[in-house]
Novice: 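Please read through the structure below; I'll follow up with questions.
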Amino acid sequence: MQRFSAFSLVRRAFGGHQSWQPQWRNPDPKPAYDVVIVGAGGHGLATAYYLAKEHGVRNVAILDKGWLGGGNTGRNTTIIRSNYLFDESMGIYDHALKLWEGLSQDLNYNVMYSARGVLMLAHTVHDVQSFKRHVHANRLKGIDAEWLSAEEAKEFCPPLNISPHVRYPIVGATLQRRGGTARHDAVAWGYARGADALGVDIIQNCEVTGIRRAADGAVAGVETSRGFIGAKKIGVVAAGNTSVVMAMAGVRMPLESFPLQALVSEPVKPDFPCVVMSNTIHAYISQSDKGEMVIGAGTDAYTSYSQTGGLHIATHTLDAICELVPMYRRLRMLRNWGGIVDVTPDRSPIIGTTPVPGLFVNCGWGTGGFKATPGSGHVFAHTIATGGPHPINAGFTLNRFRDGFLIDEAAAAAVAH
Amino acid sequence: MLLITCPWCGERPELEFRHGGEAHIARPADPSLLSDEEWADFLYKRSNVRGLHAERWRHVHGCGRFFNAIRHTVTDKFTVTYKAGEARPDGEGK
């Protein structure tokens, strides 16, 4: 692997940048692997990277029906935070946040993690009570969280409109200063490059069409559009398509897939210093380093795999943004799109074993999986390599729905998140 | 926005409706007879099909009634809507 450094950039500049090599190979599949990962998004690539790096499992293939990072990894609004309510959630999201902090150095790839702060706005008495509870819970776990008055929020993010004379006035906010954003594509590319350098085969445009099982019920491999590939273990990290892939092994999942939309505006000068989220009136906004305002809308009301969504859902979010940040009322939107998110009944992910021996699943990240990418891959690699969960993902089992141990972030946040 | 045909009121915009999840999931007659696995299946597990999907809708801003629909989850196109209590018209699933 060619390492990136200021020196290597300067040296290759003298050669007209002609000597750079492709950042990963494009290999043909081998007949069999120790581990096959289904889905080359951020979570899948991170899983393969940590399998190779931390567990010495290098005979690994990642399959994707499209290009790597072409699903939800390339479609999300890149928000990173760890201020969840329950111990299990705080554990995994803060594990991820700690990895984000050193990720560019670890991967030798600039993922542009920017700890610019995440501001979550409160608009009602219920919001204030619930958010203060979150702040206290976070601080008990050692996670940075602050409660700000409306004036303090305005000082932190001057474009906000804190007038009491709007339909849903801002009455306060929580702030997580370590929260922020990262460059979503760079995360996929960085993990792909790192995993490839450790010997992982990334096989793109190779759709899994079936899961073959041996006589004892354990997995034997996957049928794909490029033929059968044997596997001792299979990790399914297929986001919105998880139910479809798991059905190939006869496993029913507590998941429903919904379109989640996002949109970006024309680029403007840097004028928005942090990430602002409002769960109550549903607006998520931050500014990319290119200058576009990146805006997250809600999910559509019905299950779908269409990778698009109703315009009224996006418009609803723009209504909220025009009220919260009036200076953007004349901003024009450039693009909008949808991704398919797999949502669990308690809005917490499932990371662990399945009833099928050798089959592992990492899914259910719903509308907020990007922030967890490094932590999710890290603990899922541990789970696949050792056959059992890491302490951090021990609660995120598939069986929690049978046993009644829900991690009910859905009720805690009262919205999809 | 989808156009949805309510079996009672006719074609109306999606905004008048609320999605009610997968259709034809019958509540077990005697829940106490179920194993934990079966109860979890009833409560939480869903087919989540990529293709033709039988689902419930409720015309909340109209007649208020529940009905069922077959919709393709990749194209979002409705094949048919039918009244609650009727069997799935394409004969698939349960």
Side-chain angles (χ1 to χ4, degrees), chain A residues 65 207 209 238-248 250-259 261 299-316 338 340-348 350 354-355 363-364 397-406 408 410, chain B residues 1-6 12-25 28 31-32 34-62 66-79 81 92-94:
Chain A
K65 67 176 179 175
E207 182 172 0
T209 54
N241 284 297
T242 301
S243 296
V244 179
V245 177
M246 294 300 285
M248 294 171 190
V251 180
R252 262 167 77 79
M253 298 297 291
L255 293 173
E256 288 189 297
S257 296
F258 294 92
Q261 294 183 70
T299 51
D300 278 82
Y302 48 86
T303 59
S304 176
Y305 291 85
S306 63
Q307 289 193 318
T308 179
L311 195 58
H312 61 290
I313 303 287
T315 313
H316 178 69
I340 301 304
V341 298
D342 44 326
V343 177
T344 57
D346 62 0
R347 303 297 188 270
S348 290
I350 299 165
T354 69
C363 65
T397 61
L398 182 55
N399 286 342
R400 72 175 184 269
F401 297 99
R402 180 195 67 195
D403 301 336
F405 292 102
L406 302 191
D408 203 352
Chain B
M1 191 177 300
L2 306 179
L3 279 175
I4 303 174
T5 307
C6 170
R12 300 292 177 89
E14 176 195 337
L15 280 179
E16 293 188 12
F17 298 86
R18 188 169 299 155
H19 188 251
E22 187 173 348
H24 305 299
I25 298 176
S32 63
L34 265 55
S35 67
D36 289 352
E37 203 72 62
E38 288 165 329
W39 186 240
D41 199 73
F42 162 70
L43 277 185
Y44 298 122
K45 297 196 179 169
R46 296 293 176 263
S47 310
N48 199 21
V49 290
R50 188 185 170 99
L52 290 173
H53 182 233
E55 61 192 9
R56 303 192 308 160
W57 286 87
R58 186 176 176 217
H59 195 184
V60 279
H61 301 295
F66 276 98
F67 59 93
N68 294 331
I70 307 283
R71 181 177 55 90
H72 198 287
T73 56
V74 178
T75 62
D76 290 338
K77 289 215 164 97
F78 286 90
T79 317
T81 55
E92 298 220 357
K94 2 181 198 178

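Below, chains carry the letters A, B, ... as their sequence lines are ordered, and counting in each starts from 1.
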Novice: Which residue pairs satisfy the salt bridge (charged side-chain N to carboxylate O under 4.0 Å, His left out) criterion with at least one member in residues 46-56 of chain B, sequence neighbours excluded?
Specialist: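 The answer is Glu55(B)-Arg71(B).
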Novice: side-chain contact (heavy atoms from CB on, under 4.5 Å) with Tyr44(B): which of Leu255(A), Asp346(A), Leu406(A)?
Specialist: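 The passing option is Leu406(A).
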Novice: Give, as side chain, backbone, both or neither, the part of Glu14(B) having an atom under 4.5 angstrom from any heavy atom of chain A.
Specialist: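 Contact with chain A: side chain only.
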Novice: Working to the nearest 0.5 angstrom, can you tell me the gap between Tyr302(A) OH and His53(B) NE2?
Specialist: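 Reported to 0.5 Å precision, the distance equals 13.5 Å.
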Novice: How many angstroms lie between atom CG of Asn48(B) and atom CE of Met253(A), to the nearest 0.5 angstrom?
Specialist: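 So the gap between those two atoms works out to 10.0 Å.
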Novice: Inspect the surroundings of CZ in Phe42(B) and state if more than 12 heavy atoms from other residues, nucleotides or ligands are less than 6.0 Å away.
Specialist: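 Yes, enclosed.
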Novice: Using heavy-atom distances under 4.5 Å, tell me whether Asn241(A) contacts chain B through its side chain, its backbone, both, or neither.
Specialist: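 Side chain of Asn241(A) only, per the 4.5 Å heavy-atom cut-off to chain B.
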Novice: So how far is it from Thr303(A) OG1 to Glu22(B) CD, rounded to the nearest 0.5 Å?
Specialist: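 If I round to the nearest 0.5 Å, the distance is 8.5 Å.
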Novice: Which atoms form the tightest heavy-atom contact between Ser306(A) and Asp76(B), and what is the distance?
Specialist: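 That would be OG-OD2, 3.4 Å.
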Novice: Once rounded to the nearest 0.5 Å, what's the spacing between atom CG of Asp300(A) and atom CG of Leu2(B)?
Specialist: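 Reported to 0.5 Å precision, the distance equals 7.5 Å.
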Novice: Does Glu16(B) have any salt bridge (charged side-chain N to carboxylate O under 4.0 Å, His left out) partners at least two apart in sequence or in another chain, and if so, which?
Specialist: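 Residues passing salt bridge (charged side-chain N to carboxylate O under 4.0 Å, His left out) with Glu16(B): Arg12(B).
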Novice: Please find the pair of heavy atoms, one from Arg252(A) and one from Ser47(B), that lie closest to each other, and give the distance.
Specialist: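 For Arg252(A) versus Ser47(B), the nearest heavy atoms are NH1-OG, 3.4 Å.
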Novice: Could you have a look at Ser243(A), Ala247(A), Pro259(A), Gly309(A) and say which one has the most heavy-atom pairs with chain B under 4.5 angstrom?
Specialist: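 Greatest number of close heavy-atom pairs with chain B: Ser243(A).
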